[in-house]
Q: 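One structure is given below, represented as structure tokens, and several questions about it will come after.
For ligands, and for the atoms within them, numbers begin at 1 and follow the listed sequence. Only heavy atoms go into these numbers, but all of them, side chains included; no hydrogens, no water, no symmetry mates. Computed from a predicted model, the values in this text were never measured in an experiment.
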Amino acid sequence: MAHLVNALHLAEVPLVLFAQRAFHPTMAFTALAPFLFAVSRRALAIELLLVFCVADLSNLVIKWVIAGNRPYWVDPEVWQFPMTCEGGWGMPSGHMQAFSTVTYFIIFRTRAHKAWFMPHGAMCALGAYSRVYTGSHFPSQTLAGWALGLTFGFFGSRLFECLDASQQLHRGTRLLRISYLGSLIGVLGIMVFGVHAALELAGLDPLTSLPLARGACRTGKVVGLIWEGTAKVFGVLIGTAAVAVLQWPCSKDAPALAQGVLHRWTSVAGLMTAHHLLLDRFATSAAAYNDGPDGPTTLLSCAAIGYLNVVLAAGLACLLQLLLQPAKQA
Ligand SMILES: O=P(O)(O)OC[C@H]1O[C@@H](O)[C@H](O)[C@@H](O)[C@@H]1O
């Protein structure tokens, strides 16, 4: 009996570790937005990416201001996994905030049926549990991340509803879209670098989380370095602005890509796989040029990874739509 129970416990670990990957903030632009592009929900994908970028950069800045410890820094007995060794501050959880922002945004924006709240709540609970289990966060940090994500998701969806009602952004002129998105990038840049400079002036270095993490991490290999994540998010932001401003040949949301459920979904699956393969190749070759965690080449390749994720996903979805057009008309 004891063997059986132990085997069951060991089987739980891969599930928890899988949840870590599934709830990573990068999933918003490596999987979720590409999926939305692939199923022709282009406008929703662009909105989701913008809300995600605002939420993720806000998470970074809030972490700097609060400067909360992580459990594995405080207690050397905490069980560590490679992904435990996050290099940034712990309050609030970035994983939980990003996941709950993008998923609540989709739920509110599409006015999804109330029944979705139940499985969604279970997923949030699994995400929070996995972050606590790996010693990355205290429970209160995951709860704060979840609550902030709910707030960003809700107000993000309301904002885009208002813009819809006033026929802005998606249907507005190119100049209007450029000025909206340019201002957003400027405001977020000022927020991140302004708060960083203000804290340094006050004698509080926001990057002191790194030595704390390095000191506590048993493998010595810290993940989620501060400027790498930020560079990726700015890359995503610029890529999303490019996709929103440029008129792709197939810029309208088409209700159906091709006839037949099987045809449609195998095409989407193929597109998603192609996207990941292309991006993995690029990420691997970019990593070969790394010049240290905060080196300019690393940061530039991180920004390029973020940018290409969005632009490639939108471009591939567009190509797929064009290729399938004759099948639809036939
Ligand atoms: O706070 P958490 O849940 O450990 O999340 C950390 C992550 O937070 C995100 O905001 C960053 O973009 C990532 O680079 C980082 O890994």
Q: Who pairs with R218 by side-chain contact (heavy atoms from CB on, under 4.5 Å), at least two apart in sequence or on another chain?
A: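 side-chain contact (heavy atoms from CB on, under 4.5 Å) check on R218 returns Q80.
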Q: Would you call the rings of F160 and F105 parallel, tilted or perpendicular, where under 30° means parallel and over 60° means perpendicular?
A: perpendicular
Q: How are the rings of Y104 and F108 set to each other: parallel, tilted or perpendicular (split at 30° and 60°)?
A: parallel
Q: Which label fits F29 and F52: parallel for a plane angle under 30°, tilted from 30 to 60°, or perpendicular past 60°?
A: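 Ring orientation of F29 relative to F52: tilted.
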Q: In terms of side-chain heavy atoms, does Q141 have a donor or acceptor partner in S93 at a distance below 3.5 Å?
A: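 The criterion, which ignores hydrogens and geometry beyond distance, is not satisfied for S93 and Q141.
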Q: Any idea which residues sit under 4.0 Å from ligand 1, heavy-atom distances?
A: H24, P25, D56, N59, K63, R70, E86, S93, G94, H95, R131, H137, G224, G229
Q: Run the salt-bridge test on E86 and K63 with the 4.0 Å N-O cut-off and return the result as yes or no.
A: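 No.
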